[in-house]
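Here the structure comes first, spelled out in structure tokens, and everything after it is commentary.
Excluded from the calculations below are hydrogen atoms, water molecules and symmetry mates; all remaining heavy atoms, backbone and side chain alike, are included.
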Amino acid sequence: MYKLICVVTLATLAPICSVLAQPEIFNVDESLVEPYELPELLKLDNGQKVQSLADWENERRNEILDVFLEEVYGKLPDKALKPTIEVVDHSETALNNTAIRQQWELTFENNGKKLVIEVLAYLPKGVIAPHVFVVPNFRGNQSVNNDPNIAITNSWVRMKKNAPNVGVVDHRATEASRGTSSAMFPLDRIIGNGFGLYTVYYGDIDPDFNDFSNGIHPLFYEVGEDQPKSDAWGAISAWAWGLTKVIDVIEDNPLTRDSRIIVMGHSRLGKTALWSGVIDSRIDVAISNNSGCMGAALSRRRFGETVKIINTRFPHWFSDNFLKYSDHEDNLPVDQHMLIALMAPRPVYIASAQQDRWADPKGEYLAGYYATPVYELYGKKGLPGPELPEVNHPIHHTIGYHLRSGGHGVTDYDWEQYMAFAKMHLDK
């Protein structure tokens, strides 16, 4: 059977369609989006309408959360697993004497298994309890800055196909990897604006490939298990769990014990940031940067990456239960506007990029717009209407949004919006 295959070329970022005998199909043309109906945010499973804030908090929110836990990201383990925490570095003269650098090793042991997660922080000197960004990284803590004192990760590092993998050899980081992600972590700007930064390598928590014999999962297996149950946590829930352990460090650190916490993630880690904000109420602000399918974008639009594509390429990200929704998005009792709504009344920011059609900018915006009625229950302001705002015209309500020029990535413009948004909502 022949199918219409639409791809986005790297050179033009424009859709090119051809008739090919291939199983994968996707759409990047807004005119081809078929009508869809979202599950009702403020209707209980028994059909009754949510009439009050109490109805939302005591009933509807729990119904929605249960679906995301069981059918999408997977349930997290009930068992608490406390690490041994070792301070391995403390410097008062980092970043040309403008910041304090700290590093910790968190060692988790159970079931005869051991996992070490390394946490790195930079905090502005002379600022008491600064607001702190928690931002997971893709290549190891050493990649966020060329500071030679940052420990190089010993964990497996993902290598990109058909792209440079500077400083990574056979999935291991080398000295040449130092600072290779620094554009995503503009520390001078962050520290200069009075914010701190905590970061953790997501591969320390769970290596990003389809194998549950490594990472954090085996530490929680019951006797006879060698992979999670069908409704149990996939990698996104594991990475989010890891961010909650970073927050434990923040609260234990006298320098940040009283800090407000902003979690930000890009792409697959943008999905993680949103989910971590849902499962951990200590997070004051959640920021999703270009998070796309199963992040901020509405899955029922089937625009760009779809549930089938993401399940085919990255089945380990979700619970096994989620696999049955490939090509069956309408059967899923939730969509991503409901994920955004679970953050309420805390501020949440959604960022899109004009050329990043794979992540569906309009679908990301609409998720925020359709989450707005829950924020209004709290007297908060969400997104004003269903139409995308102009490019580079940010909205900084309790639900924030911008569509910037350019493609998939994290830019200085993004960071300017995130810091302004955080100050607006936290400096009260």
Are any side-chain N or O atoms of R300 and backbone N or O atoms of L332, one a donor and one an acceptor, separated by less than 3.5 Å?
yes
For N253 and Y198, does a side-chain donor sit closer than 3.5 Å to a side-chain acceptor?
yes
Is there a side chain to side chain donor-acceptor pair (under 3.5 Å) between D226 and S213 once you walk through the steps?
CA-CA 7 Å; D226 58 5; S213 67; over 6 Å; no
Under 3.5 Å, is there a donor-acceptor pair linking the side chains of S405 and Q354?
no
Compare all side-chain heavy atoms of L120 with those of V200 and state whether any distance is below 4.5 angstrom.
no
Residues in salt bridge (Lys or Arg N to Asp or Glu O under 4.0 Å) with K49, at least two apart?
E40
Got a sec, which pairs hit salt bridge (charged side-chain N to carboxylate O under 4.0 Å, His left out) with one end in residues 263-275, sequence neighbours left out?
D208-R268
Report yes or no: do S182 and N145 form a side-chain donor-acceptor pair below 3.5 Å?
no
Pair E222 + K229: basic N to acidic O under 4.0 Å
yes
For side chain to side chain contact (heavy atoms under 4.5 Å, CB included), just list the numbers for N290 and R404, CA-CA rounded to whole Å, side-chain angles, deciding distance to a tenth of an Å, and then say yes or no.
CA-CA 11 Å; N290 306 173; R404 63 158 170 80; 3.7 Å; yes
Side chain to side chain donor-acceptor pair (under 3.5 Å), that's the test. Do D335 and Y36 meet it? Break it down for me.
CA-CA 11 Å; D335 212 319; Y36 58 91; over 6 Å; no
So, do V132 and I262 sit near enough that their side-chain heavy atoms are less than 4.5 Å apart?
no
salt_bridge(R60, D55) N-O dist < 4.0 Å
no
Taking D360 for the side chain and A297 for the main chain, is one N or O donor matched with an acceptor at less than 3.5 Å?
no
Is it true that D280 and R282 make a salt bridge, defined as a side-chain N closer than 4.0 Å to a carboxylate O?
yes
Restricting to non-hydrogen atoms, name the atom on L298 and the atom on Q336 that form the minimum distance, rounded to 0.1 Å.
CD2-N, 4.1 Å
Assess the side chains of S288 and S291: does a donor N or O sit below 3.5 Å from an acceptor N or O?
yes
What I'd like to find out is whether the side chain of T107 reaches to under 4.5 Å of the side chain of L115, using heavy atoms alone.
no
Closest heavy-atom pair, P228 versus H217, reported as atoms and distance to 0.1 Å, is CG-CD2, 3.8 Å
Looking only at non-hydrogen atoms, find the nearest pair between I309 and G304 and report the distance.
CD1-O, 4.3 Å
Per ring pair (Phe, Tyr, Trp, His ring centres under 6.0 Å), W415 is matched among Y349, F133, F195, F185 by F133
Run the ring-centre check on Y378 versus W56 and record whether the distance is less than 6.0 Å.
no
For the residue pair D427 and H131, confirm or rule out a side-chain donor-acceptor distance under 3.5 Å.
yes
Ring pair (Phe, Tyr, Trp, His ring centres under 6.0 Å) for H402 and Y413? Distances and angles first, verdict last.
CA-CA 10 Å; H402 72 245; Y413 178 86; 5.2 Å; yes
Hey, is E34 close enough to R301 for a salt bridge, meaning N to O under 4.0 Å?
no
Just checking, any donor-acceptor pair under 3.5 angstrom between side chains of H408 and S267?
yes
Between W317 and Y73, is the ring centroid distance below 6.0 Å?
no
With a 4.5 Å cut-off on side-chain heavy atoms, are Y122 and Q102 touching?
no
Donor-acceptor contact below 3.5 Å, side chain E63 vs main chain D45:
yes
For Y325 and E71, which I'm curious about, is there any donor-acceptor pair between the side chains at under 3.5 Å?
yes
Do L403 and Y365 have side chains that get closer than 4.5 Å, going by heavy atoms?
no
Looking only at heavy atoms, the pair that brings L76 and W275 closest together is CD1-NE1, 4.2 Å
Does the ring center of H396 lie less than 6.0 Å from the ring center of H425?
no
Which heavy atom of W239 sits nearest to which heavy atom of I205, and what is that distance?
O-CD1, 3.9 Å
Aromatic ring pairing H316/F314, orientation class (parallel under 30°, perpendicular over 60°, tilted between)
perpendicular
Spacing of NZ belonging to K75 relative to OG belonging to S319, to within rounding of 0.5 Å
10.0 Å
If only side-chain N and O atoms count, and only distance matters, is there a donor-acceptor pair under 3.5 Å linking Y202 with R158?
yes
Ignoring hydrogens, what is the shortest heavy-atom contact between F421 and T398? Give both atom names and the distance.
CZ-O, 3.7 Å
